[in-house]
2 protein chains.
Amino acid sequence: MRLIVAANRLFHRQGLERSAIADIAREAAVPAGNVYYYFKTKEELVEAVIARRNAFIAAWLADLETEAAPRERLIRFVGEFERTSDMRARHGCPVGGLCHDANRLGGALASQARGAFELLIDWLRDQFAALGAEPGEARAGALHLLACLEGASLLAHSFADPSVMRNETARLKDWLEGYG
Amino acid sequence: MRLIVAANRLFHRQGLERSAIADIAREAAVPAGNVYYYFKTKEELVEAVIARRNAFIAAWLADLETEAAPRERLIRFVGEFERTSDMRARHGCPVGGLCHDANRLGGALASQARGAFELLIDWLRDQFAALGAEPGEARAGALHLLACLEGASLLAHSFADPSVMRNETARLKDWLEGYG
DNA sequence: GTCTATAGGCAGATAGAC
DNA sequence: GTCTATCTGCCTATAGAC
(Lines give C-alpha, C1' and ligand atoms only; values in the text may rest on other atoms or scores of the structure.)
Protein backbone atom coordinates (compact mmCIF):
# COMPACT_ATOMS: atom_id res chain seq x y z
CA MET A 1 0.00 0.00 0.00
CA ARG A 2 1.53 3.31 -1.12
CA LEU A 3 -0.14 5.20 1.70
CA ILE A 4 1.50 3.09 4.37
CA VAL A 5 4.93 3.53 2.81
CA ALA A 6 4.47 7.29 2.58
CA ALA A 7 3.16 7.49 6.14
CA ASN A 8 6.05 5.37 7.35
CA ARG A 9 8.58 7.78 5.86
CA LEU A 10 6.88 10.90 7.19
CA PHE A 11 6.37 9.45 10.66
CA HIS A 12 10.10 8.79 10.82
CA ARG A 13 11.11 12.25 9.59
CA GLN A 14 8.47 14.44 11.20
CA GLY A 15 6.91 12.35 13.94
CA LEU A 16 3.33 11.19 14.30
CA GLU A 17 1.70 14.45 15.25
CA ARG A 18 3.38 16.70 12.70
CA SER A 19 2.57 14.35 9.85
CA ALA A 20 -0.84 15.52 8.66
CA ILE A 21 -3.13 13.31 6.63
CA ALA A 22 -2.84 15.87 3.83
CA ASP A 23 0.97 15.58 3.91
CA ILE A 24 0.84 11.80 3.77
CA ALA A 25 -1.66 11.84 0.92
CA ARG A 26 0.48 14.28 -1.07
CA GLU A 27 3.59 12.17 -0.46
CA ALA A 28 1.71 9.13 -1.75
CA ALA A 29 0.19 11.13 -4.65
CA VAL A 30 -3.39 10.38 -3.72
CA PRO A 31 -6.13 12.92 -2.95
CA ALA A 32 -6.38 13.87 0.70
CA GLY A 33 -9.94 12.74 1.40
CA ASN A 34 -9.19 9.40 -0.20
CA VAL A 35 -7.21 8.25 2.81
CA TYR A 36 -10.41 7.73 4.76
CA TYR A 37 -11.62 5.21 2.26
CA TYR A 38 -8.79 2.90 3.33
CA PHE A 39 -8.49 3.87 6.99
CA LYS A 40 -11.35 4.95 9.21
CA THR A 41 -9.10 7.15 11.36
CA LYS A 42 -5.55 8.39 11.44
CA GLU A 43 -4.92 6.04 14.35
CA GLU A 44 -5.81 3.09 12.14
CA LEU A 45 -3.26 4.25 9.60
CA VAL A 46 -0.65 4.50 12.33
CA GLU A 47 -1.46 0.97 13.44
CA ALA A 48 -0.99 -0.30 9.91
CA VAL A 49 2.40 1.41 9.72
CA ILE A 50 3.51 -0.09 13.03
CA ALA A 51 2.31 -3.56 12.04
CA ARG A 52 4.30 -3.33 8.83
CA ARG A 53 7.42 -2.20 10.64
CA ASN A 54 7.20 -4.92 13.24
CA ALA A 55 6.82 -7.50 10.48
CA PHE A 56 9.99 -6.15 8.87
CA ILE A 57 11.85 -6.38 12.16
CA ALA A 58 10.71 -9.96 12.71
CA ALA A 59 11.85 -10.85 9.20
CA TRP A 60 15.22 -9.18 9.76
CA LEU A 61 15.79 -11.08 13.00
CA ALA A 62 14.83 -14.33 11.30
CA ASP A 63 17.34 -13.53 8.58
CA LEU A 64 20.07 -12.95 11.15
CA GLU A 65 19.44 -16.48 12.41
CA THR A 66 21.04 -17.81 9.24
CA GLU A 67 24.32 -16.73 10.81
CA ALA A 68 25.35 -19.80 12.77
CA ALA A 69 27.06 -18.38 15.85
CA PRO A 70 25.22 -16.16 18.34
CA ARG A 71 28.21 -13.85 18.75
CA GLU A 72 28.32 -13.16 15.02
CA ARG A 73 24.57 -12.62 15.00
CA LEU A 74 24.92 -9.97 17.68
CA ILE A 75 27.80 -8.32 15.85
CA ARG A 76 25.76 -8.22 12.69
CA PHE A 77 22.86 -6.79 14.65
CA VAL A 78 25.06 -3.96 15.88
CA GLY A 79 26.51 -3.61 12.39
CA GLU A 80 23.10 -2.75 11.03
CA PHE A 81 22.94 0.22 13.39
CA GLU A 82 26.42 1.26 12.31
CA ARG A 83 25.43 1.01 8.65
CA THR A 84 22.47 3.32 9.23
CA SER A 85 24.45 5.92 11.21
CA ASP A 86 23.83 8.70 8.71
CA MET A 87 20.10 8.08 8.65
CA ARG A 88 20.03 8.01 12.46
CA ALA A 89 21.94 11.27 12.72
CA ARG A 90 19.50 12.88 10.31
CA HIS A 91 16.17 11.54 11.53
CA GLY A 92 16.78 9.56 14.71
CA CYS A 93 15.94 5.90 15.28
CA PRO A 94 12.68 4.93 13.55
CA VAL A 95 11.74 2.54 16.35
CA GLY A 96 12.79 4.79 19.21
CA GLY A 97 11.17 7.85 17.68
CA LEU A 98 7.91 6.06 17.09
CA CYS A 99 7.88 4.64 20.61
CA HIS A 100 8.54 8.06 22.03
CA ASP A 101 5.65 9.54 20.06
CA ALA A 102 3.34 6.63 20.83
CA ASN A 103 4.18 6.75 24.54
CA ARG A 104 2.88 10.31 24.57
CA LEU A 105 -0.33 9.39 22.79
CA GLY A 106 -0.75 6.37 25.05
CA GLY A 107 -3.34 3.64 24.69
CA ALA A 108 -3.24 0.86 22.11
CA LEU A 109 -0.69 2.68 19.96
CA ALA A 110 1.91 2.76 22.72
CA SER A 111 1.70 -0.96 23.38
CA GLN A 112 1.80 -1.79 19.70
CA ALA A 113 4.85 0.41 19.15
CA ARG A 114 6.52 -1.15 22.19
CA GLY A 115 6.08 -4.47 20.39
CA ALA A 116 9.12 -3.66 18.25
CA PHE A 117 11.27 -3.32 21.37
CA GLU A 118 9.86 -6.60 22.67
CA LEU A 119 10.80 -8.41 19.49
CA LEU A 120 14.32 -7.02 19.62
CA ILE A 121 14.86 -7.67 23.32
CA ASP A 122 13.57 -11.22 23.19
CA TRP A 123 15.78 -12.03 20.24
CA LEU A 124 18.83 -10.43 21.84
CA ARG A 125 18.17 -12.24 25.11
CA ASP A 126 18.13 -15.56 23.27
CA GLN A 127 21.49 -14.78 21.68
CA PHE A 128 23.06 -13.87 25.02
CA ALA A 129 21.61 -17.02 26.52
CA ALA A 130 23.14 -19.03 23.68
CA LEU A 131 26.48 -17.42 24.60
CA GLY A 132 26.11 -18.96 28.02
CA ALA A 133 24.59 -16.12 30.02
CA GLU A 134 22.25 -16.87 32.92
CA PRO A 135 18.57 -16.03 32.14
CA GLY A 136 18.65 -12.82 34.19
CA GLU A 137 21.96 -11.69 32.77
CA ALA A 138 20.85 -12.55 29.22
CA ARG A 139 17.91 -10.22 29.53
CA ALA A 140 20.02 -7.55 31.22
CA GLY A 141 22.56 -7.78 28.41
CA ALA A 142 19.78 -7.45 25.84
CA LEU A 143 18.39 -4.35 27.55
CA HIS A 144 21.86 -2.88 27.87
CA LEU A 145 22.74 -3.38 24.24
CA LEU A 146 19.48 -1.91 23.02
CA ALA A 147 19.69 1.00 25.46
CA CYS A 148 23.16 1.86 24.16
CA LEU A 149 21.98 1.82 20.56
CA GLU A 150 18.83 3.83 21.24
CA GLY A 151 20.65 6.35 23.40
CA ALA A 152 23.38 6.72 20.80
CA SER A 153 20.74 7.27 18.12
CA LEU A 154 19.18 10.05 20.18
CA LEU A 155 22.54 11.74 20.80
CA ALA A 156 23.61 11.35 17.18
CA HIS A 157 20.32 12.89 16.07
CA SER A 158 20.55 15.74 18.57
CA PHE A 159 24.06 16.62 17.41
CA ALA A 160 23.35 15.69 13.78
CA ASP A 161 26.59 13.73 14.02
CA PRO A 162 26.79 10.12 12.78
CA SER A 163 30.20 9.63 14.40
CA VAL A 164 28.47 9.49 17.78
CA MET A 165 26.64 6.44 16.51
CA ARG A 166 29.72 4.78 15.04
CA ASN A 167 31.60 5.41 18.26
CA GLU A 168 29.04 3.47 20.20
CA THR A 169 28.71 0.59 17.74
CA ALA A 170 32.49 0.14 17.76
CA ARG A 171 32.42 0.04 21.54
CA LEU A 172 29.64 -2.53 21.53
CA LYS A 173 31.40 -4.73 19.02
CA ASP A 174 34.49 -4.78 21.24
CA TRP A 175 32.33 -5.73 24.18
CA LEU A 176 30.68 -8.55 22.23
CA GLU A 177 34.02 -9.89 20.99
CA GLY A 178 35.09 -10.48 24.56
CA TYR A 179 31.73 -11.53 25.94
CA GLY A 180 31.24 -14.79 27.82
CA MET B 1 7.71 32.45 37.21
CA ARG B 2 4.74 30.15 37.77
CA LEU B 3 4.08 29.83 34.05
CA ILE B 4 7.55 28.48 33.36
CA VAL B 5 7.23 25.90 36.11
CA ALA B 6 3.84 24.77 34.82
CA ALA B 7 5.09 24.63 31.25
CA ASN B 8 8.13 22.68 32.36
CA ARG B 9 5.97 20.02 33.97
CA LEU B 10 3.58 19.71 31.05
CA PHE B 11 6.35 19.62 28.46
CA HIS B 12 7.84 16.69 30.34
CA ARG B 13 4.56 14.81 30.67
CA GLN B 14 2.89 15.56 27.36
CA GLY B 15 5.62 16.86 25.09
CA LEU B 16 5.95 20.26 23.46
CA GLU B 17 3.25 19.98 20.84
CA ARG B 18 0.52 18.45 22.94
CA SER B 19 0.95 21.03 25.66
CA ALA B 20 -1.41 23.81 24.59
CA ILE B 21 -1.07 27.34 25.90
CA ALA B 22 -4.50 26.92 27.48
CA ASP B 23 -3.32 23.79 29.35
CA ILE B 24 -0.24 25.54 30.64
CA ALA B 25 -2.23 28.56 31.75
CA ARG B 26 -4.75 26.36 33.58
CA GLU B 27 -1.94 24.44 35.28
CA ALA B 28 -0.46 27.73 36.44
CA ALA B 29 -3.88 29.08 37.41
CA VAL B 30 -3.67 32.12 35.19
CA PRO B 31 -6.08 33.09 32.39
CA ALA B 32 -5.18 31.72 28.97
CA GLY B 33 -4.74 34.95 27.09
CA ASN B 34 -2.51 36.30 29.84
CA VAL B 35 0.38 34.12 28.74
CA TYR B 36 1.00 36.42 25.80
CA TYR B 37 1.60 39.33 28.10
CA TYR B 38 4.74 37.59 29.35
CA PHE B 39 5.80 35.73 26.19
CA LYS B 40 5.30 36.97 22.66
CA THR B 41 5.01 33.45 21.26
CA LYS B 42 4.85 29.89 22.47
CA GLU B 43 8.38 29.39 21.18
CA GLU B 44 9.59 32.11 23.53
CA LEU B 45 7.99 30.29 26.44
CA VAL B 46 9.70 27.09 25.38
CA GLU B 47 13.02 28.91 25.25
CA ALA B 48 12.49 30.19 28.78
CA VAL B 49 11.76 26.67 29.99
CA ILE B 50 14.87 25.27 28.34
CA ALA B 51 17.04 28.07 29.71
CA ARG B 52 15.77 27.35 33.19
CA ARG B 53 16.40 23.65 32.87
CA ASN B 54 19.90 24.13 31.56
CA ALA B 55 20.65 26.43 34.46
CA PHE B 56 19.46 23.73 36.86
CA ILE B 57 21.68 21.17 35.18
CA ALA B 58 24.69 23.45 35.36
CA ALA B 59 24.01 24.03 39.06
CA TRP B 60 23.65 20.30 39.68
CA LEU B 61 26.95 19.53 37.97
CA ALA B 62 28.63 22.28 39.96
CA ASP B 63 27.22 20.74 43.11
CA LEU B 64 28.61 17.34 42.16
CA GLU B 65 32.04 18.94 42.00
CA THR B 66 31.99 19.20 45.79
CA GLU B 67 32.58 15.46 45.74
CA ALA B 68 36.36 15.24 45.70
CA ALA B 69 37.07 12.17 43.57
CA PRO B 70 35.98 11.96 39.91
CA ARG B 71 34.92 8.33 40.27
CA GLU B 72 32.55 9.19 43.12
CA ARG B 73 31.22 12.12 41.13
CA LEU B 74 30.37 9.83 38.25
CA ILE B 75 28.76 7.31 40.57
CA ARG B 76 26.66 10.04 42.11
CA PHE B 77 25.76 11.22 38.63
CA VAL B 78 24.46 7.77 37.76
CA GLY B 79 22.81 7.56 41.18
CA GLU B 80 20.64 10.54 40.33
CA PHE B 81 19.25 8.62 37.36
CA GLU B 82 18.65 5.62 39.58
CA ARG B 83 16.86 7.76 42.14
CA THR B 84 14.52 9.09 39.45
CA SER B 85 13.73 5.68 37.95
CA ASP B 86 10.03 5.87 38.75
CA MET B 87 9.68 9.30 37.17
CA ARG B 88 11.56 8.11 34.10
CA ALA B 89 9.38 5.03 33.73
CA ARG B 90 6.29 7.22 33.94
CA HIS B 91 7.25 10.17 31.78
CA GLY B 92 10.61 9.46 30.17
CA CYS B 93 13.77 11.50 30.52
CA PRO B 94 12.99 15.23 30.66
CA VAL B 95 16.15 16.10 28.75
CA GLY B 96 15.88 13.33 26.19
CA GLY B 97 12.19 13.93 25.62
CA LEU B 98 12.67 17.63 25.11
CA CYS B 99 15.56 17.08 22.72
CA HIS B 100 13.52 14.61 20.75
CA ASP B 101 10.66 17.07 20.45
CA ALA B 102 12.95 20.01 19.68
CA ASN B 103 14.84 18.01 17.04
CA ARG B 104 11.57 17.62 15.21
CA LEU B 105 10.71 21.28 15.41
CA GLY B 106 14.26 22.17 14.38
CA GLY B 107 15.79 25.63 14.33
CA ALA B 108 16.88 27.57 17.39
CA LEU B 109 14.92 25.36 19.77
CA ALA B 110 16.79 22.22 18.76
CA SER B 111 20.20 23.74 19.37
CA GLN B 112 19.13 25.22 22.68
CA ALA B 113 17.71 21.89 23.85
CA ARG B 114 20.88 20.13 22.72
CA GLY B 115 22.72 22.49 25.06
CA ALA B 116 21.69 20.31 28.00
CA PHE B 117 23.42 17.31 26.41
CA GLU B 118 26.48 19.45 25.77
CA LEU B 119 26.69 20.47 29.41
CA LEU B 120 26.40 16.87 30.55
CA ILE B 121 28.86 15.46 28.04
CA ASP B 122 31.50 18.10 28.70
CA TRP B 123 31.26 17.54 32.41
CA LEU B 124 31.37 13.76 32.07
CA ARG B 125 34.33 14.01 29.70
CA ASP B 126 36.24 16.05 32.29
CA GLN B 127 35.59 13.42 34.94
CA PHE B 128 36.80 10.59 32.72
CA ALA B 129 39.86 12.66 31.84
CA ALA B 130 40.51 13.14 35.54
CA LEU B 131 40.37 9.36 35.88
CA GLY B 132 43.27 9.16 33.44
CA ALA B 133 41.46 8.60 30.15
CA GLU B 134 42.97 9.93 26.92
CA PRO B 135 41.04 12.92 25.49
CA GLY B 136 39.34 10.82 22.80
CA GLU B 137 38.47 8.03 25.20
CA ALA B 138 37.22 10.51 27.80
CA ARG B 139 34.71 11.91 25.34
CA ALA B 140 33.78 8.43 24.11
CA GLY B 141 33.20 7.34 27.69
CA ALA B 142 31.03 10.38 28.32
CA LEU B 143 28.93 9.68 25.22
CA HIS B 144 28.65 6.02 26.15
CA LEU B 145 27.51 6.70 29.70
CA LEU B 146 24.92 9.25 28.60
CA ALA B 147 23.71 7.03 25.76
CA CYS B 148 23.14 4.17 28.21
CA LEU B 149 21.15 6.38 30.56
CA GLU B 150 19.07 7.96 27.81
CA GLY B 151 18.42 4.64 26.11
CA ALA B 152 17.47 3.04 29.41
CA SER B 153 15.09 5.93 30.11
CA LEU B 154 13.40 5.39 26.76
CA LEU B 155 13.06 1.64 27.34
CA ALA B 156 11.86 2.11 30.91
CA HIS B 157 9.27 4.59 29.70
CA SER B 158 8.14 2.37 26.83
CA PHE B 159 7.64 -0.57 29.20
CA ALA B 160 6.49 1.63 32.09
CA ASP B 161 9.00 -0.36 34.13
CA PRO B 162 11.49 1.41 36.42
CA SER B 163 13.48 -1.80 36.94
CA VAL B 164 14.84 -1.41 33.42
CA MET B 165 16.36 1.85 34.56
CA ARG B 166 17.75 0.44 37.79
CA ASN B 167 19.22 -2.49 35.93
CA GLU B 168 21.22 -0.16 33.73
CA THR B 169 22.37 2.15 36.51
CA ALA B 170 23.63 -0.85 38.50
CA ARG B 171 25.54 -2.00 35.44
CA LEU B 172 27.06 1.44 34.95
CA LYS B 173 28.11 1.71 38.58
CA ASP B 174 29.93 -1.61 38.29
CA TRP B 175 31.66 -0.37 35.18
CA LEU B 176 32.71 2.86 36.90
CA GLU B 177 34.01 1.03 39.97
CA GLY B 178 36.49 -0.82 37.81
CA TYR B 179 37.28 2.00 35.40
CA GLY B 180 40.86 3.14 34.70
C1' DG C 1 -1.35 44.87 34.50
C1' DT C 2 -5.21 41.44 34.29
C1' DC C 3 -8.78 39.20 32.01
C1' DT C 4 -12.57 37.89 28.22
C1' DA C 5 -13.86 37.19 23.80
C1' DT C 6 -12.68 36.12 19.48
C1' DA C 7 -10.11 36.14 15.08
C1' DG C 8 -7.50 33.19 11.93
C1' DG C 9 -5.57 29.03 10.52
C1' DC C 10 -4.91 24.26 10.31
C1' DA C 11 -5.92 19.29 10.96
C1' DG C 12 -9.11 15.32 11.24
C1' DA C 13 -13.05 13.64 9.49
C1' DT C 14 -17.39 13.49 6.45
C1' DA C 15 -20.82 14.16 2.55
C1' DG C 16 -21.84 13.44 -1.64
C1' DA C 17 -20.85 14.14 -6.81
C1' DC C 18 -18.94 11.34 -10.38
C1' DG D 1 -13.93 3.11 -6.08
C1' DT D 2 -12.11 7.97 -6.69
C1' DC D 3 -12.15 12.71 -5.83
C1' DT D 4 -13.75 17.68 -4.21
C1' DA D 5 -15.78 20.54 -1.05
C1' DT D 6 -16.73 21.34 3.42
C1' DC D 7 -17.85 20.76 8.43
C1' DT D 8 -16.13 20.76 13.12
C1' DG D 9 -13.01 21.49 16.58
C1' DC D 10 -8.71 22.84 18.49
C1' DC D 11 -4.72 25.88 18.95
C1' DT D 12 -1.97 30.12 18.53
C1' DA D 13 -2.34 34.71 18.82
C1' DT D 14 -4.69 39.32 19.22
C1' DA D 15 -8.07 43.08 20.38
C1' DG D 16 -9.80 45.55 23.60
C1' DA D 17 -12.66 46.06 28.08
C1' DC D 18 -11.59 46.89 32.86
Side-chain angles (χ1 to χ4, degrees), chain A residues 1-53 91 97-98 100-113, chain B residues 1-53 91 97-98 100-113:
Chain A
M1 177 76 71
R2 275 216 322 295
L3 272 172
I4 298 181
V5 175
N8 184 53
R9 186 160 56 222
L10 283 179
F11 290 165
H12 182 200
R13 302 190 170 197
Q14 312 186 341
L16 289 189
E17 315 188 78
R18 290 183 69 80
S19 302
I21 295 285
D23 296 337
I24 297 166
R26 191 175 343 104
E27 181 92 2
V30 299
N34 204 326
V35 173
Y36 289 93
Y37 176 73
Y38 300 102
F39 303 97
K40 274 202 293 294
T41 63
K42 184 178 179 180
E43 180 162 342
E44 241 183 51
L45 171 55
V46 176
E47 281 172 12
V49 169
I50 299 179
R52 185 168 183 274
R53 282 197 190 184
H91 306 295
L98 192 78
H100 180 95
D101 291 349
N103 285 341
R104 293 239 155 108
L105 298 175
L109 242 44
S111 65
Q112 205 190 345
Chain B
M1 178 75 71
R2 276 217 320 294
L3 273 171
I4 297 181
V5 174
N8 184 53
R9 185 160 57 224
L10 283 179
F11 289 165
H12 183 200
R13 302 192 171 195
Q14 313 185 340
L16 290 188
E17 314 188 78
R18 290 183 69 81
S19 301
I21 295 285
D23 296 336
I24 296 166
R26 190 177 343 102
E27 181 93 2
V30 299
N34 205 327
V35 175
Y36 289 93
Y37 175 75
Y38 300 102
F39 303 97
K40 275 201 293 293
T41 63
K42 184 179 180 180
E43 181 162 340
E44 240 182 52
L45 171 56
V46 176
E47 281 171 12
V49 169
I50 299 179
R52 185 168 183 273
R53 282 198 190 183
H91 306 297
L98 192 77
H100 180 95
D101 290 349
N103 286 341
R104 292 236 156 111
L105 297 175
L109 243 45
S111 65
Q112 206 190 343

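Numbered from 1 within each chain, the chains take letters A, B, ... in sequence-line order.
Residues that satisfy the side-chain contact (heavy atoms from CB on, under 4.5 Å) test with Arg53(B), not counting sequence neighbours, are Asn8(B), Phe11(B), His12(B), Val49(B), Pro94(B), Leu98(B). For Glu43(A), the salt bridge (charged side-chain N to carboxylate O under 4.0 Å, His left out) test picks out no residue, with sequence neighbours left out. Considering only residues two or more places apart in sequence or on other chains, Glu47(A) meets the side-chain hydrogen bond (donor to acceptor under 3.5 Å, both in side chains) condition with none of them. When the side-chain contact (heavy atoms from CB on, under 4.5 Å) test is applied to Gln14(B), the partners found at least two apart in sequence or on another chain are Leu10(B), Arg18(B), Ser19(B), Asp23(B).
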- Given the rule in the side chain to side chain contact (heavy atoms under 4.5 Å, CB included) test, do Lys42(A) and Leu16(A) qualify, once you have shown the distances and angles that lead to the verdict? CA-CA 10 Å; Lys42(A) 184 178 179 180; Leu16(A) 289 189; 5.7 Å; no
- Message: Quick one, Ile24(A) with Val35(A), criterion side chain to side chain contact (heavy atoms under 4.5 Å, CB included). Give me CA distance, side-chain angles, the key distance, then yes/no.
- Response: CA-CA 9 Å; Ile24(A) 297 166; Val35(A) 173; 5.7 Å; no
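Within residues 32-39 of chain B, the residues that place at least one heavy atom under 4.0 Å from DNA chain D are, in residue-number order, Gly33(B), Tyr36(B). Proximity of residues 9-29 of chain B to DNA chain D (heavy atom under 4.0 angstrom from any strand atom) is restricted to Ser19(B), Ala20(B), Ile21(B).
Every pair passing side chain to side chain donor-acceptor pair (under 3.5 Å) that includes a residue from residues 27-39 of chain B is listed here, sequence neighbours excluded: Arg9(B)-Glu27(B). Applying the salt bridge (Lys or Arg N to Asp or Glu O under 4.0 Å) definition to pairs two or more places apart or across chains, those involving residues 101-111 of chain B are Asp101(A)-Arg104(B), Arg104(A)-Asp101(B).
Closest approach of Ala110(A) to Ala102(A), counting heavy atoms only: CB-O, 3.5 Å.
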Would you tabulate the nitrogen or oxygen pairs shorter than 3.5 Å linking the protein to nucleotides 6-10 of chain C?
none

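A distance of 4.5 Å separates CD of Gln112(A) from CD1 of Ile50(A), quoted to the nearest 0.5 Å. Taken to the nearest 0.5 Å, the NE2 atom of His100(B) stands 10.0 Å off from the CG atom of Leu105(B). Rounded to the nearest 0.5 Å, atoms CZ (Phe39(B)) and CG (Leu45(B)) are 5.0 Å apart.
The footprint of chain A on DNA chain D, defined by a heavy-atom cutoff below 4.0 Å, extends from dG1(D) to dT4(D).
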